[in-house]
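To start, the structure under review is shown below, and the notes come after it.
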Amino acid sequence: MKNINLDITKATSFLKNDAVKSYESKVKAAQEALENGTCAGNDFLGWLHLPSSVTPAFLKEIEDEAKVLRANCEAIVVAGIGGSYLGARAVIEALGNSFSWLVNDDSKNPNILFAGNNIGEDYLSELTTYLKGKKFGVINISKSGTTTETALTFRLLRKQCEAQRGKEEAKKVIVAITDAHKGAARVCADKEGFKSFIIPDNVGGRFSVLTPVGLLPIACAGFDIKKIIDGARDMEKATGAHVAFEDNPSALYAATRQALYTQNGKKIEIIENFQPKLHYIGEWWKQLYGESEGKENKGLFPAACDFTTDLHSMGQWIQEGERSIFETVISIEKPNHTLLFPHDDDNLDGLNFLEGKRVDEVNKMAELGTRLAHVDGKVPNIRISVPELNEYYVGQLIYFFEKACGISGLLEGVNPFNQPGVEAYKKNMFALLNKPGYEAESKAIRERLDKEK
Ligand SMILES: O=P(O)(O)OC[C@H]1O[C@](O)(CO)[C@@H](O)[C@@H]1O
């Protein structure tokens, strides 16, 4: 079986000869600190050996629950935000049919919908309207069990599900994925008798896609979670601490992006794809790197573009804007379908030169042309090529990025596993909403707003 492949040559050409190699000993130290649990944030290292520790019994429990949901639901709403939904959405959209909700086949795949990741009244109102009269289930995912966006959505959906199906029937199709002991989601699941899965204490949200957080929704969508774990497990081996620096893709990716950041003035990394199905892989990656590295006034800003779509909006900026960016392109070597470009006698569009070619050949030339143009425009380019878009390689990709993120954050000198900065908006929102327990903050924020009037 092939592995995903990392090409850093078009990035190292912007750096001094030994710039990446000079990180070897620091990377080794970071790897050892991760392995020995001696790094900052060492209480959140449960993801590190997750793929190799997953048992068949654990996967079976998830698959069995997915069977129940699939058999009883036309639609399943995954309620979660950040790491509690992005991984599942990324994998489901990468592997699924782009028009799944319109495709009328016999696969019996329920529609997987996502909510709890915003507080848009229109979004929730339109969702609850769509679900009226439908047999739907809910997977409520929240590690803390108290995240406002998710909790608010779950209350709405649970009430609707119980009203439509009756309390007993609803119990079959409402599942909680949360902490083993704490938080409102745990208390509610235990009291109501909902099936529940545990998010391990030592796995943070953005590293949780290979736990039930990602695996249950992915299994509900009809994908093979064993193969995802197989891919992740092989990548765990390929990026292990014993693997030589120059053969370890996560080590090289981490070192290259840090070298570009600290030695080449790059401030923004743009993750890019040439397959629209990878849009949410970009969103997942943004959270992984953004929450892990953006702290202590440091960190590359993680951005994402979908190509060629965004070449017609962001292409100008990337080609000629401030030279503070580099690109990391996820390239899929072989598409899953074949579509040949047809002949046209009139050739009014002048496209007969493409006759008989696969659409992907045009896409690949767009990709190569973009790479050459952007490198000419002084944008370093990292390329990750993925042999095929399937469960196995998505598993590899996930673990590759997670491992690189842990190493990269440690190279940057921060704790990659906390996210203290996200609390600031929550505190203000609770104060503004007069949440019980926030009386002093409410008073202070109102005084501040009065002064600013
Ligand atoms: O699973 P929870 O606790 O609802 O958190 C969801 C997301 O919110 C954050 O905690 C940020 O507030 C993320 O780190 C996390 O992935």
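Small disclaimer: the values here were computed from a predicted structure and weren't measured. The analysis underlying the following values was restricted to heavy atoms, covering all of them including side chains, and did not include hydrogens, waters or symmetry mates. Counting begins at 1 with the first residue of the sequence. In listed order, ligands and their atoms are each counted from 1.
Judged as a side-chain hydrogen bond (donor to acceptor under 3.5 Å, both in side chains), the pairs with a partner in residues 294-303 (not counting sequence neighbours) are, in order, Lys295-Asn418.
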Distance-only criterion, 3.5 Å: show the donor-acceptor pairs between side-chain atoms of residues 81-89 and protein atoms not counting sequence neighbours.
unit_1, atom_1, unit_2, atom_2, d
Arg89, NE, Glu93, OE2, 3.0
Arg89, NH1, Tyr280, OH, 3.3

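A cation-pi contact, defined as under 6.0 Å to the ring centre and within 45° of the axis, links Lys195 to Phe197.
Near ligand 1, heavy-atom contacts under 4.0 Å come from Ile81, Gly82, Gly83, Ser84, Ser142, Lys143, Ser144, Thr147, Gly205, Gln287, Glu291, Gln419, Val422, Lys426.
Listed by chain and number, the residues in a side chain to side chain contact (heavy atoms under 4.5 Å, CB included) with Ile268 are Ile270, Phe301, Ala303, Ser324, Ile325 (sequence neighbours excluded).
Rounding to the nearest 0.5 Å gives a distance of 7.5 Å between CZ of Phe136 and CD1 of Ile174.
Checked against a 6.0 Å centroid threshold, the rings of Phe44 and Phe207 do not count as neighbours.
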